[in-house]
Visitor: 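Pasting a structure below so you can have a look.
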Amino acid sequence: MSTETADIKAIEQVVATVERTQRAKDVDGFLALFHPDAVWTTAHGKVLIGLDAIAEFTRAVLPAASWDGEVTYEAVHTQFLRPDVAAVKVRQVYHSADGDTEGAPLYVMTKQGNGSWLLHACQNTEVRAG
């Protein structure tokens, strides 16, 4: 397996963990995916700079989140900007009885010295019909 193939698989596992932790409302598991200097912009434009701000927001919002159905995340395109930096386009779908809604996050991920990949600069964008 090539290094790039292994990195893509590792990145896909991070995206799968985002899905799993969101479904389970696992705050600590979700926060473990972030670089300490991460920047996160929510689907509604709230900018969170640094892990402390991301953690404060996540601890307030994720446990109380309610959705009727399930959410899925899929890494649909990975572009390596450098061997240790990847831009990952994600398809996020909330499946509910009222119909599906979609998000189009972009995750810029960085490879750490131990070989793991972390979320470093992320923009979550709501997809609107029309």
Visitor: Rounded to the nearest 0.5 Å, how far apart are OG of Ser96 and CD of Glu70?
Guide: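 If I round to the nearest 0.5 Å, the distance is 10.5 Å.
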
Visitor: Going hydrophobic residue to hydrophobic residue with side-chain gaps under 4.5 angstrom, can you get from Tyr73 over to Ile8?
Guide: yes

Visitor: For atom NZ of Lys46, decide whether the heavy atoms of other residues, nucleotides or ligands shown that lie under 6.0 angstrom number more than 12.
Guide: no

Visitor: What residues, two or more places apart in sequence or in another chain, satisfy side chain to side chain donor-acceptor pair (under 3.5 Å) together with Glu102?
Guide: Arg91

Visitor: If you measure from CD on Glu12 to CD on Glu74, what distance do you get to the nearest 0.5 Å?
Guide: 9.0 Å

Visitor: Enumerate the residue pairs fulfilling salt bridge (charged side-chain N to carboxylate O under 4.0 Å, His left out) with a member in residues 110-121, sequence neighbours excluded, ordered by first and then second residue.
Guide: Asp7-Lys111

Visitor: How far apart are the closest heavy atoms of Trp117 and Ala10, and which atoms are they?
Guide: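 In this case the closest contact between Trp117 and Ala10 is CD1-CB, 3.8 Å.
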
Visitor: Which residues pass the side chain to side chain donor-acceptor pair (under 3.5 Å) test with His44, sequence neighbours left out?
Guide: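 If we apply the side chain to side chain donor-acceptor pair (under 3.5 Å) test to His44, skipping adjacent residues, there are no hits.
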
Visitor: Any heavy-atom pair between the side chains of Val14 and Leu119 that's under 4.5 Å?
Guide: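 In contact.
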
Visitor: OG1 of Thr78 to CD of Glu4: how many Å apart, nearest 0.5 Å?
Guide: 9.0 Å

Visitor: Hey, can you pull the donor-acceptor pairs under 3.5 Å for the side chains in residues 52-60, sequence neighbours left out?
Guide:
from: Thr58; atom 1: OG1; to: Ile54; atom 2: O; distance (Å): 2.8
from: Arg59; atom 1: NH1; to: Asp28; atom 2: OD1; distance (Å): 3.1
from: Arg59; atom 1: NH2; to: Asp28; atom 2: OD1; distance (Å): 3.4

Visitor: Sequence neighbours excluded, which residues qualify as side chain to side chain donor-acceptor pair (under 3.5 Å) partners of Asn114?
Guide: Ser116

Visitor: Linking I/L/V/M/F/W/Y whenever their side-chain heavy atoms sit closer than 4.5 Å, directly or via other members, would Val90 and Leu118 fall into one cluster?
Guide: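 Unlinked, Val90 and Leu118 end up in two clusters.
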
Visitor: Which distance, rounded to the nearest 0.5 Å, do you find between the CZ of Phe80 and the CD1 of Ile11?
Guide: 4.0 Å

Visitor: Apart from Val85 itself, what residues make up its hydrophobic cluster when side-chain heavy atoms of I, L, V, M, F, W and Y under 4.5 Å apart count as a link, directly or indirectly?
Guide: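 Val85 shares its hydrophobic cluster with Leu81, Val108.
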
Visitor: I need the His35 NE2 to Leu51 CG distance, nearest 0.5 Å.
Guide: 10.0 Å

Visitor: To check you understand the geometry: which heavy-atom pair defines the closest contact between Ala87 and Leu106, and what is its length?
Guide: CB-CD1, 4.2 Å

Visitor: Group every Ile, Leu, Val, Met, Phe, Trp and Tyr by side-chain heavy-atom contacts under 4.5 Å, then state whether Val93 and Val15 land in the same group.
Guide: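 No: no chain of side-chain contacts under 4.5 Å links Val93 to Val15.
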
Visitor: With Glu126, which residues qualify under salt bridge (Lys or Arg N to Asp or Glu O under 4.0 Å), at least two apart?
Guide: Arg128

Visitor: Taking it one step at a time, do Leu48 and Thr42 satisfy side chain to side chain contact (heavy atoms under 4.5 Å, CB included)?
Guide: CA-CA 8 Å; Leu48 305 166; Thr42 71; 4.3 Å; yes

Visitor: Quick one: do Val39 and Leu33 end up in the same hydrophobic cluster if we chain Ile, Leu, Val, Met, Phe, Trp and Tyr together by side-chain heavy atoms under 4.5 Å apart?
Guide: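 Different clusters: Val39 never reaches Leu33 through Ile, Leu, Val, Met, Phe, Trp or Tyr contacts under 4.5 Å.
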
Visitor: Sequence neighbours left out, what pairs pass salt bridge (charged side-chain N to carboxylate O under 4.0 Å, His left out) with at least one residue falling in residues 29-43?
Guide: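 Qualifying pairs, neighbours excluded: none.
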
Visitor: When you compare the side chain of His95 with that of Val71, does any pair of heavy atoms fall below 4.5 Å?
Guide: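 Val71 does not reach His95 side chain to side chain.
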
Visitor: Of all residues at least two apart in sequence or in a different chain, which pass the salt bridge (Lys or Arg N to Asp or Glu O under 4.0 Å) check with Glu19?
Guide: Arg23

Visitor: Got a sec, which residues hit ring-ring contact (aromatic ring centres under 6.0 Å, His included) with Phe30, two or more places apart in sequence or on another chain?
Guide: Phe34, Trp40

Visitor: Suppose clustering is done on Ile, Leu, Val, Met, Phe, Trp and Tyr with side-chain heavy atoms closer than 4.5 Å. Which residues sit in the same group as Val76?
Guide: none

Visitor: Taking all heavy atoms of Val127 and all of Gly103, pick out the closest pair and write down the distance.
Guide: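 The pair with the smallest heavy-atom distance is CG2-C, 3.9 Å.
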
Visitor: In the structure I gave you, are the side-chain heavy atoms of Thr72 and Gln92 within less than 4.5 Å of one another anywhere?
Guide: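 When only atoms from C-beta onward are counted, Gln92 and Thr72 do not touch, as no gap falls below 4.5 Å.
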
Visitor: Check side chain to side chain donor-acceptor pair (under 3.5 Å) between Gln112 and all other residues, then give those that pass, not counting sequence neighbours.
Guide: Thr110

Visitor: Starting at NZ of Lys89, measure out to OH of Tyr107 and round the result to the nearest 0.5 Å.
Guide: 10.0 Å

